[in-house]
Amino acid sequence: MLRWLMGGGGREPQGLAEKSPLQTIVLKAHHDIVRFLVQLDGYRFVSAGIIVVWNAQTGEKLLELNGHTQKITAIISFPSLESCEEKQLILTASADRTVIVWDSDNGRQVQRISCFQATVKCLTVLQRVDVWLSGGNHLYLLCKTSHLSDTGISALVEIPKNYVVAAVGKELIIFRLVAPTEGSLEWDILEVERLLDHQDNILSLINVNDLSFVTGSHIGELIIWDALDWTVQAYERNFWDPSPQLDTQQEIKLCQKSNDISIHHFTCDEENVFAAVGRGLYVYNLQMKRVIACQKTAHDSNVLHIAKLPNRQLFSCSEDGSVRIWELREKQQLAAKPVPTENAISRSLELTGDLIGHSSSVEVFLYFEDHGLVTCSADHLIILWKNGE
């Protein structure tokens, strides 16, 4: 279990059980904000601003991919199924209105598509049918634009039976992908349904499993959806105070700015959805359909990215430049205290590590079980954090 601390700042994490030695490798190749990190395999990852492939074990720069003329707006990796050899491809989108498919082994361009009428904001690969989709002002499938023109697709996820969910402003749009027939070699995209349950723009969208997906909005709405019939399974918005007791607490909630309760990012496991809400972290249990743990001020600024590890640990990074490690624990109940009510917080998120090294907003991170943690920041740096043991 990781228990890391990087010294050198004025912040001292509360509740830190122990301090362990820590090694860091600072990777310098970027000259602008590094907004994206994507894992390729067990030892490689790719970063963007400029697109660079790195060795996570040594910090060695393996490749620099040059082809876009403006900033990168989306990036994913996916396996190639066209060769007998297992190979990871990199798919990048840019403000130059192009999408490029790269070979991650040699850096060559496999495909370049320039038919887009606007910037592509998100990319996804549909594993069930082995095609990729891009979202922007239009939805593209294998370079084929649909007849739809929207305010902008900001997120895409695949759901069963060749359906796709797209977040467009306050709406969720369900699309069906129609496979090629004998008379046609091309896929088609059909709009099936529009879900209008959110009251504000959708900021986050992920799959929980084959039965459900979850969305989060700018004003703190969390909705669990049925992935088969697209109905609402659960709705939660009470993030500022999950178990209100006093009128004064209700008044505090009303005074919160919308940015304080915006759901910036999700991660999940089989039991819980973990939400980055404003500066806080919240654990929503799928079976009980309520918040079971929270840290309302986990960071000094908005939490931008979170990730769950198999050993009950949670990583988070923030606009304040910090990266923190949390552990989900059963809440200790004193014998003198009454038995908790059904809606009471039953678990706690305990801070076990604080990585202080970046001087500006930490945008995203990757965790390699064997090689440590990789973080990228607006300070133009990538840091590879390794357990000093």
Side-chain angles (χ1 to χ4, degrees), residues 122 124 126-128 133 135 153-177 190-244 253 258 261-278 280-294 303 305-308 310 312 314 328 340-347 349:
C122 57
T124 190
L126 309 186
Q127 301 293 348
R128 294 180 177 89
L133 282 169
I153 298 172
S154 59
L156 289 164
V157 295
E158 179 183 9
I159 56 176
K161 301 181 179 179
N162 288 1
Y163 287 95
V164 175
V165 182
V168 184
K170 302 176 185 179
E171 299 181 340
L172 288 175
I173 305 179
I174 309 295
F175 295 98
R176 182 165 66 93
L177 276 63
L190 300 176
E191 180 183 332
V192 178
E193 188 81 23
R194 292 198 176 216
L195 309 178
L196 308 175
D197 295 77
H198 276 289
Q199 302 301 309
D200 206 339
N201 288 343
I202 299 167
L203 302 182
S204 43
L205 166 65
I206 62 163
N207 273 325
V208 176
N209 47 45
D210 284 341
L211 298 177
S212 57
F213 61 94
V214 59
T215 53
S217 77
H218 181 63
I219 57 173
E221 304 163 296
L222 180 151
I223 300 181
I224 309 291
W225 303 85
D226 189 300
L228 300 177
D229 62 14
W230 318 320
T231 57
V232 175
Q233 292 182 335
Y235 179 92
E236 175 67 49
R237 191 181 166 183
N238 203 6
F239 282 116
W240 172 248
D241 183 15
S243 55
K253 180 182 174 181
S258 58
I261 54 174
S262 295
I263 302 178
H264 298 287
H265 193 242
F266 283 128
T267 189
C268 62
D269 58 20
E270 294 179 356
E271 300 178 1
N272 304 303
V273 173
F274 301 83
V277 184
L281 300 173
Y282 291 77
V283 184
Y284 182 89
N285 186 271
L286 293 167
Q287 183 176 0
M288 292 185 280
K289 292 182 170 55
R290 64 178 178 85
V291 174
I292 61 169
C294 69
V303 181
H305 187 80
I306 54 177
K308 174 70 170 53
R312 299 174 66 87
L314 184 71
L328 184 62
T341 62
E342 182 181 351
N343 293 325
I345 298 297
S346 58
R347 297 187 184 181
L349 282 171

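Here the structure is a predicted model, which is why all the values come from computation and not from measurement.
Between Trp225 and His198, the ring-plane angle classifies as tilted under the 30° and 60° cut-offs.
In terms of heavy atoms, Asp200 sits closest to Ser217 at O-CB, 3.8 Å. Looking at every heavy atom in both residues, Ser212 comes nearest to Ala227 through N-CB, 3.6 Å. A pairwise comparison of heavy atoms in Glu191 and Ile173 identifies CG-CG2, 3.7 Å as the closest pair. Scanning both residues, Cys268 and Phe274, for their nearest heavy atoms gives CA-CD1, 4.1 Å. In this structure, Asp210 and Pro160 approach most closely via the heavy-atom pair O-CG, 3.2 Å. Contact record, Phe266 with Gly216: CE1-N, 3.3 Å, taken as the closest heavy-atom pair.
When each of Val208, Asn285, Val283 is tested with Val273 by the rule side-chain contact (heavy atoms from CB on, under 4.5 Å), just one qualifies, namely Val208. When Leu172, Val165, Leu195 are each tested for a side-chain contact (heavy atoms from CB on, under 4.5 Å) with Trp230, only one passes: Leu195.
In this structure the side chain of Arg237 never reaches within 4.5 angstrom of the side chain of Gln199, judged on heavy atoms. Between Thr124 and Val157 the shortest side-chain heavy-atom distance does not fall below 4.5 Å. Looking only at side-chain heavy atoms (C-beta outward), Leu203 and Ser262 come within less than 4.5 Å of each other. Taking the side chain as every heavy atom from C-beta outward, Leu314 and Leu328 never approach each other to under 4.5 Å.
With rounding to the nearest 0.5 angstrom, the CD atom of Glu270 is 10.0 Å from the NZ atom of Lys308. Between atom CD of residue Glu171 and atom CD1 of residue Ile153 there is a gap of 11.5 Å, rounded to the nearest 0.5 Å. Between the CD1 atom in Ile223 and the CG atom in Leu205 there is a gap of 11.5 Å [rounded to 0.5 Å]. Between Ile159 atom CD1 and Asp226 atom CG the span is 9.0 Å, to the nearest 0.5 Å. Going from atom CD1 of Ile261 over to atom NE2 of His218 covers 8.5 Å, rounded to the nearest 0.5 Å. Atoms CG and NZ, on Leu228 and Lys161 in that order, are 5.5 Å from each other to the nearest 0.5 Å.
One N or O on the side chain of Tyr284 and one on the backbone of Lys289 form a donor-acceptor pair closer than 3.5 Å. At least one donor-acceptor pair closer than 3.5 Å links the side chain of Asn207 to the backbone N or O of Glu158. In terms of modelled atom types and a separation under 3.5 Å, the side chain of Arg176 and the main chain of Leu190 share no donor-acceptor contact. Of the possible polar contacts, one joining the Asp229 side chain to the Thr231 backbone as a donor-acceptor pair under 3.5 Å is found.
Side chains of Ser204 and His265: a donor-acceptor N/O pair is absent below 3.5 angstrom, by distance only.
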